[in-house]
Amino acid sequence: MSQTVSKRQLFEWLAAVFQEDATSITEDRARETIPTWDSMGTLLLIAELDDRLHVTLTEDELKQLVSVRDIVEALRQKQVEVTD
Amino acid sequence: MAEHDVARMRRVLAHFMKRTETELEEAFDEASLPDLPALMALRREVLGPELTWNDEAYLRWRYFARSEKAPENHLWIFRDRSGDVLGCLGVEPVELHVGGELVPAFRYMDVMVQPRWHGLGLGAWMNLVLQRRYPVGMVVGATRDSYNLIRRVFRALPERHSWKALIRSEDYLRRNAPRLARLPGVSAMMNSALDLRRQAFHLRRSSRIAIEPLATPASEEQGIAGLDRSMASIGLAFERRTASYLHWRYVGNPRRQYRFWAARRDGRLRGLLITRAVNTRGELVDWMWDAAAPEAERSEMLTALFLHGIAQLAPEGVATAWTRTLDPFSERIAARAGLRLRPDRDTVAIYAHSPARQEQLASARWFLTLGDSDDD
């Protein structure tokens, strides 16, 4: 069964993972501007996506993630509908 | 860090490593001598093939030589099923002077992860596992990739400052004033001016301060114990230094060569400076001073030591002298000795299982030097 999540909800989850203010997570936000998106942040991100959406990314897919937009695209590739 | 988050990280890492969570825990264990080839392979991959030291000798000295003079260091490694070492993390037992007590702690060092596994949390995981094992820990010089670790698992201390002094002008002129650099005599004149500046302080300083080289700190057991006690007595927090430890750490170290300078007044040891040259960079690695002496006296003594150490680095072919500081007194001395404050900082962090101890460590007045890093 495919999952659906709004961007607003997704960005709130990301804000919690990265311990950032929810309003600061936007699709344009680059990984390098989020200090808490380091290797520990990556593990916690994966855990969150698994817990919330039952999505697992491979190492190669993870290494491609350099922005919030990439996370949105990666979820869409996994048949998760990310709505505006 | 919340246990819930640790459990989630364990689950995800086990998935990436294609292990069960139990297998993940069991794959992280203390290294022993038979692991040396696999360890050296990991270090070659991370540090590059062109090491300037004998890495086997370094690992044996740091982690596997057991003698009464050597601290009981441990190296933890994460193995894959084939026996390759994918990550490692070393710990050294230290004693911290804090609030009139000596607190046993562990200094984390030599953290490494195989490049293929960079960015996937293995380093953070190793830190978390050891944090459960060792009640008090300290990590110095964290990287950008350990931001979360420092902020969520450890407590960050004030950042260490970086200082630099020019010893030889040739490289500086080539980079910043290439036309000037090509004029005959300009760099020689600038070098003379730099030397004169240092000499000027020596001419003004008290003739009662004598600075001499030491072959080893081991010859100054009582003196170093006295300096250590005096620094602790003024409420500084720092790693306890003993003559035998400094001898093991800096004389026995197969990776680098160190020089030792003693400052005496009225025949008594009043200060100690340890320096090294790493390629064209001279470093003031560690120092101690008689904190019981009057301010003017200890300031003059330590400044003289710094200047002497820098001057003695010049014949070793270094172009600059560097150091790191984290206490106001040392920073005043660095400035007096002609070192310039640089914009780069690095992070030092601590943790303790006891919240009261962690708070005590986090709010202490720390004295930290380059010697507290693990790049020796």
Side-chain angles (χ1 to χ4, degrees), chain A residues 3 5 9-22 24-26 29-75 77-80, chain B residues 1-19 21 24 46 78 80 86-87 89 108 111-131 139 142-154 156 159 345-347 349 351:
Chain A
Q3 306 269 336
V5 64
Q9 178 66 82
L10 176 63
F11 295 169
E12 280 178 13
W13 293 339
L14 296 183
V17 166
F18 298 135
Q19 295 190 324
E20 289 248 334
D21 188 80
S24 74
I25 300 293
T26 63
R29 192 89 186 266
R31 176 177 178 166
E32 65 195 20
T33 69
I34 305 175
T36 44
W37 191 349
D38 59 8
S39 59
M40 182 184 278
T42 296
L43 279 186
L44 291 169
L45 169 66
I46 299 314
E48 187 76 358
L49 296 178
D50 187 21
D51 288 345
R52 300 278 189 188
L53 298 169
H54 309 293
V55 162
T56 309
L57 299 179
T58 66
E59 296 154 43
D60 287 339
E61 286 168 337
L62 273 179
K63 287 179 181 177
Q64 302 298 319
L65 302 182
V66 294
S67 68
V68 172
R69 177 168 285 116
D70 288 342
I71 297 174
V72 171
E73 286 309 310
L75 290 175
Q77 293 288 322
K78 297 286 183 184
Q79 313 305 317
V80 175
Chain B
M1 187 171 200
E3 195 51 44
H4 167 66
D5 279 336
V6 175
R8 298 204 305 166
M9 286 175 57
R10 182 169 55 236
R11 172 166 52 89
V12 171
L13 193 60
H15 167 78
F16 278 137
M17 294 287 180
K18 297 182 175 40
R19 312 267 183 124
E21 291 183 41
L24 188 79
V46 172
F78 190 95
D80 78 2
L86 305 185
L89 199 165
Y108 286 37
V111 181
M112 263 178 217
V113 172
Q114 203 183 62
R116 181 187 165 232
W117 294 99
H118 277 178
L120 294 174
L122 180 55
W125 171 249
M126 293 192 293
N127 268 279
L128 283 173
V129 172
L130 292 189
Q131 199 208 19
V139 63
T143 67
R144 186 188 179 282
D145 198 44
S146 39
Y147 188 94
N148 263 317
L149 202 59
I150 298 304
R151 298 299 188 278
R152 294 172 76 151
V153 178
F154 289 67
E159 293 175 312
R345 308 270 188 271
D346 75 355
T347 304
Y351 73 83

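Sequence lines set the chain letters: A, B, ... in the order given, protein chains first and strands last, and positions in each chain run from 1.
With a 4.5 Å cut-off on side-chain heavy atoms, B:Asn127 and B:Val153 do not count as touching. Using a 4.5 Å cut-off on side-chain heavy atoms (C-beta onward), A:Val80 and A:Leu49 make no contact. Side-chain contact between B:Leu89 and B:Val129: absent, with no pair of heavy atoms (C-beta onward) separated by less than 4.5 Å.
Proximity to chain B (any heavy atom under 4.5 Å) is restricted, for A:Leu62, to the side chain, taken from C-beta onward. For B:Arg11, the part lying near chain A is the side chain, with the backbone staying farther off; criterion is any non-hydrogen pair under 4.5 Å. Of the atoms belonging to A:Glu48, heavy atoms from both backbone and side chain fall under 4.5 Å from chain B. Residue A:Thr56 touches chain B through its side chain alone, counting heavy-atom pairs closer than 4.5 Å. For A:Thr42, the part lying under 4.5 angstrom from a heavy atom of chain B is the side chain only. If you measure heavy-atom distances from A:Leu57 to chain B, the contacts under 4.5 Å come from the backbone alone. Looking at B:His15, the atoms closer than 4.5 Å to chain A (heavy atoms on both sides) all sit in the side chain, from C-beta outward.
Looking at A:His54, A:Glu61, A:Gln3, A:Glu73 one by one, the single match for side-chain hydrogen bond (donor to acceptor under 3.5 Å, both in side chains) with A:Lys78 turns out to be A:Glu61.
A:Arg29 places a side-chain N or O within donor-acceptor distance of the main-chain N or O of A:Ser24, the cut-off being under 3.5 Å.
For chain A, the option among B:Ala124, B:Gly123, B:Gly121 with the highest count of heavy-atom pairs below 4.5 Å is B:Gly121.
Summarising the geometry of B:Leu86 relative to B:Leu122, their closest heavy-atom pair is O-CD2, 3.9 Å, with the distance given to 0.1 Å.
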